[in-house]
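Note that the coordinates shown come from a computational prediction; the quantities given were computed from them, not determined experimentally. Start at 1 and go down the list; that is how both ligands and their atoms are numbered.
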Amino acid sequence: MAPRVLISDKLSPAAIQIFRDRGIEVDFQPDLGKDKDRLAEIIGQYDGLAIRSATKVTPKILAKADRLKVIGRAGIGVDNVDLPAATARGVIVMNTPFGNSITTAEHAIAMMFALAREIPAADASTQAGKWEKNRFMGVEVTAKTLGIIGCGNIGSIVAERGVGLKMKVIAFDPFLSVERALDLGVEKVELDDLLARADFITLHTPLTEKTKNVLSAENIARCKKGVRIINCARGGLVDEAALAAALDAGHVAGAAFDVFVVEPAQTNPLFGRENVVCTPHLGAATAEAQENVALQVAEQMSDYLLTGAISNAVNFPSITAEEAPRLKPFIELAEKLGSFAGQLTDTDIKTVHIVYEGAVAELKVKALTSAAVAGLLRPMLSEVNVVSAPTVAKERGIVIEETTRAATGDFDSLITITVVADTLERSISGTVFADGRPRIVNIKGIKVDAEFAPSMIYITNEDKPGFIGRFASLIGDAGVNIATFALGRDHLGGDAIALVAVDGTVPAEVLGKVQALPQVKAAKALVF
Ligand SMILES: NC(=O)c1ccc[n+]([C@@H]2O[C@H](COP(=O)([O-])OP(=O)(O)OC[C@H]3O[C@@H](n4cnc5c(N)ncnc54)[C@H](O)[C@@H]3O)[C@@H](O)[C@H]2O)c1
Ligand SMILES: O=C(O)CC[C@@H](O)C(=O)O
């Protein structure tokens, strides 16, 4: 069945065409994002949801999204998606991090000029027939100091434009390297320095606990008198009431805002002042940017739904279209090895160490680790999935370690999972043979060659004559059919293991009898 995608916001028609060309059924309901109840009613029918900012993907919506595999945000901020809830449901959330950066940077620059030359107020006055030539006295931007808070994709473009306008550009961004700052022609400064020096301040950070009210009443008071403030990033970066007061007191000369604490902003503390310029979250609103983000989100979502390739996911590592088919059998292997280890572990897991050897070490091992951890935790927590597994493990204090190295043994690729729990340590290795099927090749240091089967019995026993005959008659008499039988031992007469694939489930009383056989140290029924 072709995957189905719902577009619930106003996206460029370019996206619809891409989905159709790729053989995906697409349902375009551009106003649905505003109707939460209807969205919740129908979301269960779709594999993908493409949105801009109007659709709020809440836990309530996600709870109904039984088929949903991917949410694509045609834009940058994913703050309208409940990420923990999406991750817990195993839904990949992707954005389009660069598609609207230039457009948004240009909007910030336009806002700066609008403030510097009071263009909106001058326009209104002129069109009202007043011709107030003496009323509007602007300021030049040349040689002024532009302070950028957040110098990432958009902030960097604003910086380049600022340099081009012959401004002195300074930036506060804890993650901006000195080399990058040099490349951009920007001086990297601390926030206090920026506040004290900037004639114009423009914000370009995401809204986080750290950036919320970065321009608080105190920080606005630290700004140079006559500063002009531009926010085209996210509402909430500036304390709006404090800024309104500073505008009224004449400490701040002007403010240009595209984003607001409450959107759509019908009322706002900043409204109603001549030295305030507002736009209704138009930063990304150009034909070029909307075309870019729509094409990109549709391509990314189609790739994921059709090939498993992942780009620009905010809750999963990227996987290219070339990598996806090569990764697929190893994802299955990693998940099954994890599941094997998880089904044998009843106590608190402390550490999981995964070693990737040979060709598999060249692949995206982060994705394989997520799969292994999902398999490991699933016997204990039914809600865990490949997307949520690393977060769930972290929440439980489980340390995940990865090692990659060249092949050292008999196999081109080998994955070994070692689980360290309260009272035991268990290791299991597997590979993928040329037929693409995962195999178990080592358990606790004992070589074995077994395929995974839906129902298996795993036995550890003493390597003494008579065990196989007794075991086979016992389960044969109980009506359980053996499909395959794999054996291994550490040395003659030492510890042995048996991995037996059976048809159908193993009744508890049959397993009890296997456990009671002489020579058997432990027996466990496993399901894959
Ligand atoms: N108005 C719009 O329509 C519109 C359009 C696109 C993006 N945006 C918003 O613009 C913002 C920037 O987008 P981007 O693509 O440049 O993001 P980005 O991730 O590329 O850059 C953000 C920068 O902020 C920096 N940062 C993070 N925490 C910081 C802190 N505490 N102090 C200072 N800097 C900090 C990061 O190091 C990074 O360099 C986002 O909030 C995005 O949602 C708005
Ligand atoms: O989709 C929009 O119009 C806004 C996009 C912008 O806020 C973003 O974060 O990309």
Side-chain angles (χ1 to χ4, degrees), residues 7-12 15 30 33 50-56 72-81 83 93-111 147-161 170-178 180-181 184 186 188-195 198 201-216 219 230-238 256-261 263-265 277-294 296-297 312 314:
I7 302 177
S8 59
D9 280 335
K10 289 190 175 58
L11 228 67
S12 156
I51 57 170
R52 275 178 65 189
S53 51
T55 301
K56 310 282 176 242
R73 159 74 157 109
I76 293 165
V78 288
D79 28 16
N80 50 329
V81 178
L83 264 186
V93 180
M94 7 176 99
N95 67 351
T96 55
F98 313 107
N100 61 25
S101 307
I102 292 176
T103 275
T104 307
E106 287 185 358
H107 197 63
I109 297 288
M111 293 292 242
I148 299 179
I149 300 180
C151 201
N153 289 330
I154 297 171
S156 301
I157 300 169
V158 171
E160 285 168 342
R161 304 297 191 263
I170 59 178
F172 166 65
D173 184 330
F175 304 99
L176 175 70
S177 68
V178 176
R180 175 79 178 133
L184 291 167
V186 159
K188 181 175 156 91
V189 296
E190 289 307 317
L191 182 60
D192 276 351
D193 197 13
L194 181 145
L195 300 176
I201 295 178
T202 182
L203 296 123
H204 299 286
T205 68
L207 180 66
T208 65
E209 275 315 308
K210 285 218 172 102
T211 59
K212 189 169 175 204
N213 284 339
V214 58
L215 292 189
S216 58
N219 281 346
I230 300 137
N231 185 6
C232 292
R234 278 294 177 266
L237 296 177
V238 182
F257 272 50
D258 184 47
V259 286
F260 303 89
V261 173
E263 290 183 16
V277 179
C278 293
T279 48
H281 205 142
L282 290 185
T286 62
E288 293 85 350
Q290 284 316 307
E291 180 97 351
N292 280 345
V293 295
Q296 195 182 338
V297 86
N312 298 321
V314 295

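For ligand 1, the polar-atom distance check finds no N/O of L207 at less than 3.5 Å from any of the ligand's N/O atoms. For ligand 1, the polar-atom distance check finds no N/O of V259 at less than 3.5 Å from any of the ligand's N/O atoms. Ligand 1 has a nitrogen or oxygen under 3.5 angstrom from a nitrogen or oxygen of D258. Checking only distances, N100 does come within under 3.5 Å of ligand 2, N or O to N or O.
Annotation: atom 4 (C) of ligand 2 to nearest protein heavy atom, H281 NE2, 3.6 Å. Of all protein heavy atoms, the one closest to atom 6 (C) of ligand 2 is R73 NH2, 3.5 Å. R52 NH2, 2.7 Å is the protein heavy atom nearest to atom 3 (O) of ligand 2.
Here the side chain of N312 pairs no donor or acceptor atom with the backbone of T96 at under 3.5 angstrom. A donor-acceptor pair is defined here as one N or O able to donate and one able to accept, closer than 3.5 Å; such a pair exists between the side chain of N80 and the backbone of T55. A distance-only check finds no donor-acceptor pair linking the side chain of K210 to the backbone of L207 [under 3.5 Å]. The backbone N or O of A284 sits less than 3.5 Å from a side-chain atom of Q290, completing a donor-acceptor pair. Side chain of T211 to main chain of V214: no donor-acceptor pair is present (N/O by atom type, distance under 3.5 Å, no hydrogens or angles). Without hydrogens or angle criteria, R234 side chain to P206 main chain gives no donor-acceptor distance under 3.5 Å.
Contact annotation: for F98 versus ligand 1, there are no heavy atoms closer than 4.0 Å. By the criterion of a heavy-atom distance under 4.0 Å, neither the backbone nor the side chain of E263 is placed next to ligand 2.
Within the structure, ligand 1 lacks S101 among the residues with a heavy atom less than 4.0 angstrom away.
Across the listed options I148, T205, I76, T205 owns the non-hydrogen atom lying nearest to atom 41 (O) of ligand 1. In this comparison of P206, A289, A233, G235, the heavy atom closest to atom 27 (C) of ligand 1 sits on P206. Taking only non-hydrogen atoms, the option from L237, I154, T104 nearest to atom 5 (C) of ligand 1 is T104. Looking at N95, T103, N100, it is N100 that brings a heavy atom closest to atom 6 (C) of ligand 1.
Taking a distance limit of 4.0 Å, we find that atom 19 (O) of ligand 1 is approached by no protein heavy atom.
Close contacts between ligand 1 and F175 involve ligand atoms 37 (O) [criterion: under 4.0 Å to a heavy atom].
Under the rule for a ring pair (Phe, Tyr, Trp, His ring centres under 6.0 Å), F172 has no partner lying at least two apart in sequence or in another chain.
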